[in-house]
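Position 1 is the first residue of the sequence, and the numbers go up from there. Both counts, for ligands and for their atoms, begin at 1 and track the order of listing.
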Amino acid sequence: MNQIPFMQTWIDEELIQEVTDTLRSGWITTGPKAKRFREAILNYTQASECVLLSSATTGLELALRFYGIQSGDEVLVPAYSYAASANVILHLGATPVFVDLSDDDFNITASKISEKINEKTKAIISVDFGGMPVDYDGIKQIIESFRPIFKPHHEIQSQLGKILFISDAAHSFGAKYQGKVLSSIADFTVFSFHAVKNLTTGEGGAILISSEIEKLGAKTFLDLNSLHGQDKDAYTKLTQGFVYDIVVPGYKCNLSDLHAAVGLAQLRKYDFFLERRRAIYAQYTSLLSEIEELTLPKEKNGDRETNHHLYPILLDKSFSRNQFIEALSKKGIFANVHFKPIPLMSAYRKLGYSQKDCAYASEIYEKEISLPIYPQLDEENIKFISSCIQEILGGNECKR
Ligand SMILES: *Cc1c(COP(=O)(O)O)cnc(C)c1O
């Protein structure tokens with residue numbers, strides 16, 4: 001039986017060629033390919049500044065470090081996300097404050113955020129779930145309205161004078177906001193290039209820096225702190241002399257040229273990837289729209305448009321979500337669940353978080369199923385998956 005995995009990475013001859021080229025060049029760590037990949041990301045997003053990193057997680061963490069987040073500070077984060085969004089808050093010794101979902105979509109809303117803001121709130125991390133941008137303008141307005149109660153305890157906090165807005169855009173590279181490719185609308189916008197994301201380098205990430213934050217020295221901070229605090233990177237040392245200094249005790253999370261080579265090849269095909277994802281999304285929606293037991297995801301929400309990273313459906317409560325996924329896997333179709341709310345994870349339960357921090361997100365979690373979506377899936381695959389879903393919900397037997 002042909003199996004349909006949940007995801008598949010696009011690895012073609014051109015990508016292999018790009019990586020081989022890097023290997024043959026003899027330069028495999030951060031150097032010329034990373035420089036080109038960074039320029040390509042800036043060109044694609046039209047952002048003014050960007051730093052490449054080894055993951056999105058390190059980007060989120062360095063953004064918090066830049067703002068001097070520490071013990072006693074509260075950072076707002078969606079309960080309905082991958083644990084990385086909240087783990088980084090704990091790494092800084094600060095307190096994650098979870099924001100629950102509300103009925104309308106998988107993203108947190110400005111009004112849910114405002115309920116959790118107080119004088120301890122120093123930053124907000126939002127998540128563009130499944131590739132659908134959050135209401136960036138709404139969140140920025142809320143942050144502005146809380147300026148009078150913001151209490152800085154760090155030089156950069158005093159200079160900015162408001163809650164820091166970090167977008168965990170791990171899912172949303174290439175999504176559209178107000179008709180344009182998502183760029184640096186938040187203070188920091190962090191993309192993931194992990195193997196399961198729309199655009200991958202294997203492991204990797206990038207952080208876009210808004211011009212307001214750049215004026216406070218964010219680019220220099222990120223460059224230094226992603227490479228030991230060294231004032232010259234390896235390539236600059238090689239080409240401009242070996243003398244260097246360590247100006248801060250930094251971290252180590254730069255992106256290598258080998259990874260950047262994968263990213264360069266992927267980015268050249270990215271518009272094609274997005275077009276395939278859009279077509280698959282549309283096909284699912286047309287084939288599944290008559291099924292009463294399912295709630296289908298929204299492709300657009302006002303001036304926001306998904307990059308079709310996930311196709312998250314909600315199954316009526318009268319069916320067991322786990323049995324449904326099990327039945328699909330018996331047909332050779334592998335679905336997934338995004339996400340078990342962070343407060344329900346044992347590491348967070350041990351800290352005292354519970355269902356109370358994510359009442360609505362827990363309900364969504366019980367019903368959510370993410371269907372396979374990636375460029376390699378063809379029309380026949382989507383028809384088969386859709387007819388199997390119909391069979392499981394009491395329809396006729398599905399056949400290839
Ligand atoms: C994948 C993911 C991350 C982490 O990305 P890495 O590049 O693996 O660090 C963070 N947040 C969300 C919502 C994710 O899905």
Parallel under 30°, tilted from 30 to 60°, perpendicular over 60°: which one fits the rings of Phe165 and Tyr136? tilted
With heavy atoms of Gly204 as the reference, note each atom of ligand 1 found under 4.0 Å away. 7 (O)
Quick one: nearest non-hydrogen protein atom to atom 5 (O) of ligand 1, plus distance? Ser192 OG, 3.2 Å
Ligand 1 contacted by Gly59 (non-hydrogen, < 4.0 Å): no
To check you understand the geometry: which heavy-atom pair defines the closest contact between Val51 and Leu222, and what is its length? CG2-CB, 3.9 Å
Smallest heavy-atom separation, Val99 atom then Ile113 atom, equals CG1-N, 4.1 Å
Element-labelled atoms of ligand 1 that are located less than 4.0 Å from some non-hydrogen atom of Ser85: 11 (N)
Ring-face cation contact, Tyr244 with Lys237, 6.0 Å cut, 45° max: yes
Answer yes or no for Lys197: is there a heavy-atom contact with ligand 1 below 4.0 Å? yes
For ligand 1, indicate whether the residue Ala170 contacts it via side chain, backbone, both or neither (heavy-atom separation under 4.0 Å). side chain
Hey, what do you get for CG (Asn254) to CG (Leu52), rounding to the nearest 0.5 Å? 9.5 Å
How about Asp233 and Thr236: does a side-chain donor come under 3.5 Å of a side-chain acceptor? yes
For ligand 1, find out whether one of its N or O atoms is nearer than 3.5 Å to an N or O atom of Asp168. yes
Counting only heavy atoms not in Lys35, do more than 12 fall under 6.0 Å of its NZ? no
Please report whether ligand 1 has a polar contact with Ala56, defined as an N or O pair separated by less than 3.5 Å (distance criterion only). yes
Indicate yes or no: does an N/O atom of Ser81 lie under 3.5 Å from an N/O atom of ligand 1? no
Counting non-hydrogen protein atoms only, what is the nearest one to atom 8 (O) of ligand 1? Give residue, atom name and distance. His194 CB, 3.9 Å
What protein heavy atom is closest to atom 4 (C) of ligand 1, reported as residue, atom name and distance in Å? Thr57 OG1, 3.7 Å
Do Phe129 and Tyr80 make the cut of ring centroids closer than 6.0 angstrom? yes
Applying a strict 4.0 Å limit to heavy atoms, is Gly205 in contact with ligand 1? no
